[in-house]
Amino acid sequence: MKKGIDYLTRGIEVILVLLLASMAVMVFANVVMRYGFNSGLAISEEMSRFFFVWLTFIGAVVTFKENGHLGVETLVRMFGRRGRMICMALTNALIIMCAVILFWGTWLQQPINASVIAPVSRMPMIYVFGVTYFAAVGIGIIAAVRLFRVLTNTVSEAELRQFAGEYDDDSQLVGRSE
Amino acid sequence: QYQDRTFRVSNGINEDHPVGDGVRAMQACLDERTGGALKLNAFWGNALGGDLQATQSLRSGTLEMVITSSSPLVGIVPALGVFDLPFLFSNEQEADAILDGEFGDYIAGLLPEFGLVNLAYWENGFRNLTNSRGPVEKWEDFEGLKVRVMQNNIFLDTFANMGANATPMAFGEVFSALETRAIDAQENPFVTIDTSQFYEVQDYLSVTNHAYTPFMVLFSKPIWDTLSEDEQTAMSDCAVVGRDAQRAAGRALASESLARVREAGMQINEISPEEQARMVEKAQVVYERHAEEIGVEVVERMQAALAELRAQ
Amino acid sequence: MIILVFLASLLGSMAIGLPVAFALMFTGIVLMSFMGIFNPQILAQNMIEGANTFTLLAIPFFLLAGELMNQGGLSKRIINFAISFVGHLRGGLGIVAIVAAIIMASLSGSAAADSAALAAILIPMMRDAGYNVPRSAGLIAAGGIIAPVIPPSIAFIIFGVAANVSITQLFLAGITPGIIMGLGLLVVWQFIARRDKVATLPRQDWPARLKATADAGWALLMPVIILGGIRFGVFTPTEAAVVAAAYALFVGLFIYRELKIADLYFVLLRAAKTTSVVMFLVASALVSAWLITSANIPGEVGNLIRPLIDNPTLLLFAIIALVLVVGTALDLAPTILILSPVLMPIIRQAGIDPVYFGVLFVMTTCIGLITPPVGIVLNVVSGVARVPMGKVIGGVLPFLLAHIAVLVLLILFPELVLTPLRWLRG
Ligand code: NA
Ligand code: NA
């Protein structure tokens with residue numbers, strides 16, 4: 001099980017790297033073409049934007065798994081195990097609610113987005129906008145697992161420390177900040 | 001028969017644009033008709049998102065109204081691409097007759113299927129070219145010109161067809177791109193050229209009249225269906241009252257704007273009728289290339305309506 | 001009333017540890033329920049639109065450039081360059097820290113990464129030379145936050161998009177205030193260094209200085225490319241960012257040769273992850289921003305401070321004080337994203353230049369990075385320098401006051417920002 005999740009995470013990370021690399025190549029190629037050959041590809045503007053949307057929402061799941069999203073943990077850090085567990089249960093319940101509403105909203109938007117065509121690539125916009133399904137499901141599942149572990153009291157000290165924003169590794173801190 | 005209701009109206013432009021006059025006139029009409037029951041709450045400068053996003057919100061019923069150019073919406077309603085065709089109308093009277101006539105109704109009739117109701121056609125107006133290279137007087141002067149255009153296939157193709165280097169760019173980046181000479185040219189109605197102060201960074205204004213863009217006053221179909229018949233009629237009628245005020249204000253302002261940019265030092269040139277005719281002629285391939293994506297029937301109806309009008 | 005609902009849901013959910021991005025989504029949900037217009041599509045649509053913006057593509061590319069530069073052994077060369085010129089002065093390593101912070105600020109937009117790099121190299125040297133370590137750590141933290149004020153700056157990109165202000169103008173406008181911040185630190189540091197008995201480094205001769213300059217030259221060329229390119233219209237900010245990344249890749253691979261092809265994967269991955277953290281926040285912020293606008297909260301806030309609107313200076317003091325308070329608890333991007341939709345209509349109405357305001361706003365949020373209780377740069381420096389948090393807070397205090405003094409100066413004399421900006425615009 002754990003191994004499967006690790007493979008899945010690695011696979012998603014490869015996708016993130018490919019997305020970012022292709023974005024850079026497309027935008028750079030356009031700069032070169034514009035100044036070198038006085039021409040440009042409208043499609044690369046559009047596709048790099050779409051890749052960016054995918055990168056954002058696919059990456060959001062991975063970074064959520066790593067507790068990478070910025071938060072204010074000052075108050076939580078003052079609590080003991082019990083207090084932290086209550087906060088962790090509450091926040092994960094709220095996150096599940098956000099994920100459900102995001103999924104629901106994407107679902108309701110589906111017919112509207114399926115009928116819109118991107119101006120240059122002529123791709124139906126649902127392929128771009130549908131990425132929030134992935135984000136909603138991914139984040140929702142992770143939060144549900146965390147909630148379950150709190151409720152069954154099987155959550156580890158390390159997880160609680162991470163939830164309270166206490167890191168053992170400074171590089172994680174640097175990575176969290178822009 | 002009038003309930004107290006407030007409709008949010010999303011606008012991409014700022015309140016000082018003639019659309020502001022139109023909204024005020026429409027509100028005055030509504031106040032009189034409904035005793036202040038129906039209210040417009042206008043948001044300006046993309047505060048509720050870009051025109052495309054706002055239109056999508058209308059379709060999903062999360063926002064009531066948007067006043068937007070037709071151009072950003074061709075991804076939703078391909079038929080609206082007909083208004084992007086180059087050199088379509090030759091003057092304002094022609095545009096009014098077509099939009100307020102049968103053809104305008106025909107286009108409006110296509111919209112409910114997309115979750116939209118069109119209340120009236122207001123006016124963004126004829127688009128003209130400014131650049132920093134030299135006066136554009138004939139077809140050949142477009143050659144190699146780096147022109148910012150909206151992200152819209154027909155506009156891109158129109159300028160590519162002229163031999164220009166058409167560059168899609170967000171409106172917010174245009175001024176500094178012109179200032180720094182990253183691009184040579186942009187095209188917009190007189191009022192936009194004036195209010196966006198493009199005269200500070202561009203020396204030449206050529207009255208190309210190469211396209212005419214209407215504003216559409218759109219209402220959300222899902223919300224429209226919850227209005228009473230009286231409320232619907234009041235909205236439609238008052239949108240027309242607003243339209244007349246908006247067009248009048250817009251046209252008055254266009255000549256003021258033209259005078260102002262001239263005073264600011266822009267060199268302005270008209271296109272000779274012969275050159276204009278040559279441009280129209282050469283632009284016909286754009287019609288052919290895009291007829292299918294717009295809808296062959298739509299383009300034919302438009303051309304028939306124009307032919308009928310011009311025969312009178 | 002709706003302001004209270006907004007504040008309660010946002011602050012309450014953040015207090016129990018809900019990450020800011022989700023707190024913003026949650027606040028959006030509460031606002032729309034309260035207004036009686038609950039619709040899940042508002043959430044889905046605004047989140048996508050928040051990310052679907054070409055201008056914001058500059059963020060991943062500048063992050064990538066920064067990562068490539070760090071991996072490519074750049075910080076070391078910049079610090080050596082600074083040491084060769086000013087290392088022998090009294091309090092020399094502190095001056096080195098300030099000079100290096102300003103140079104690194106013109107290469108990267110990340111306060112946390114810059115402070116980490118500076119602290120890792122300089123703190124051990126300062127400790128050996130007998131400097132007061134918490135004071136030194138404080139100086140490095142205060143120098144690190146110059147990064148988002150001097151371009152390239154992710155903070156300016158986010159503000160430019162959120163407030164609809166030209167990013168090019170913001171970049172040009174940030175240069176002088178960033179340097180003034182550095183000068184402010186220098187003045188305070190001179191007072192402090194006078195008291196400390198510390199060893200100074202030997203003065204280096206010109207051949208050594210030239211060698212250090214040549215070594216760092218490739219790095220020093222990057223700001224020239226970025227700023228020159230933007231200033232003279234060769235690139236838009238997004239293009240400048242991707243060119244910077246390409247340049248950093250070239251220098252790291254072929255000139256400094258400290259970057260290995262195998263490192264590239266992890267460099268890209270780190271940049272991608274940081275991008276998604278920042279962009280997910282931007283996307284969520286659009287949900288609450290849309291509802292804040294829809295509910296006319298800026299208008300309500302505007303009514304509250306209406307009496308000040310005729311006095312721009314007083315208004316700015318009030319607003320900057322508010323931002324400073326918010327910044328004590330929030331990081332840079334969230335502060336900008338939450339406050340821009342509320343503040344910008346008021347700023348425009350008061351006739352304050354949005355570019356000038358953007359500079360003050362970003363500076364203030366940067367100061368928030370070194371204030372307790374939440375100050376990510378303090379955490380980073382405390383971790384890297386192995387100095388307890390409480391001592392770093394004590395150490396940073398005089399420099400924090402110096403930054404605030406600069407801020408007050410810029411509010412009182414807007415020309416300090418506007419005159420050089422006019423000059424840079426040409
Ligand atoms: Na910077
Ligand atoms: Na803080």
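The figures that follow rest on heavy atoms only: side chains count, while hydrogens, waters and symmetry mates do not. Each chain gets a letter, A, B and so on, in the order its sequence line appears, and its residues count up from 1.
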A:Glu46 and A:Phe51, any side-chain heavy atoms less than 4.5 Å apart: no
Interface moiety of A:Phe103 toward chain C, non-hydrogen atoms closer than 4.5 Å: neither
Closest-packed option against chain A by number of heavy-atom pairs under 4.5 Å, given C:Leu18, C:Ile48, C:Leu43: C:Ile48
NZ/NE/NH1/NH2 to OD/OE distance under 4.0 Å, A:Glu45 and A:Arg49: yes
Chain C contact via A:Ile139 - which portion, at a heavy-atom distance below 4.5 Å: side chain
Contacting moiety of A:Leu19, where chain C heavy atoms sit under 4.5 Å: neither
Part of C:Leu264 within contact of chain A (heavy atom distance under 4.5 Å): neither
Chain A contact via C:Ala246 - which portion, at a heavy-atom distance below 4.5 Å: side chain
Winner by heavy-atom pair count (cut-off under 4.5 Å) against chain C, out of A:Leu90, A:Asn113, A:Val27: A:Val27
Winner by heavy-atom pair count (cut-off under 4.5 Å) against chain C, out of A:Val61, A:Val14, A:Val100: A:Val14
Interchain contact, A:Met88 with chain C, by part (heavy-atom threshold 4.5 Å): neither
Toward chain A, the part of C:Tyr265 with a non-hydrogen atom under 4.5 Å: both
Cationic N near anionic O, under 4.0 Å, A:Arg146 to A:Glu159: no
Region of C:Glu67 in contact with chain A, defined by heavy-atom distances below 4.5 Å: neither
Heavy-atom pairs under 4.5 Å with chain A, option from C:Phe62, C:Phe266, C:Phe26 with the top count: C:Phe26
Check against side-chain hydrogen bond (donor to acceptor under 3.5 Å, both in side chains), C:Ser110 and C:Ser108: CA-CA 6 Å; C:Ser110 167; C:Ser108 104; 5.4 Å; no
Contacting region of C:Leu269 [heavy-atom separation from chain A under 4.5 Å]: both
Geometric class of the C:Phe280/A:Phe57 ring pair [parallel <30°, tilted 30-60°, perpendicular >60°]: perpendicular
Residue part contacting chain C, namely of A:Val131, when any heavy atom lies under 4.5 Å: side chain
A:Arg161 versus A:Asn67, side-chain donor and acceptor atoms under 3.5 Å: no
Pair A:Thr106, A:Thr132: side-chain N/O donor-acceptor within cut-off below 3.5 Å: yes
Proximity breakdown for C:Ala283 and chain A, heavy-atom pairs closer than 4.5 Å: side chain
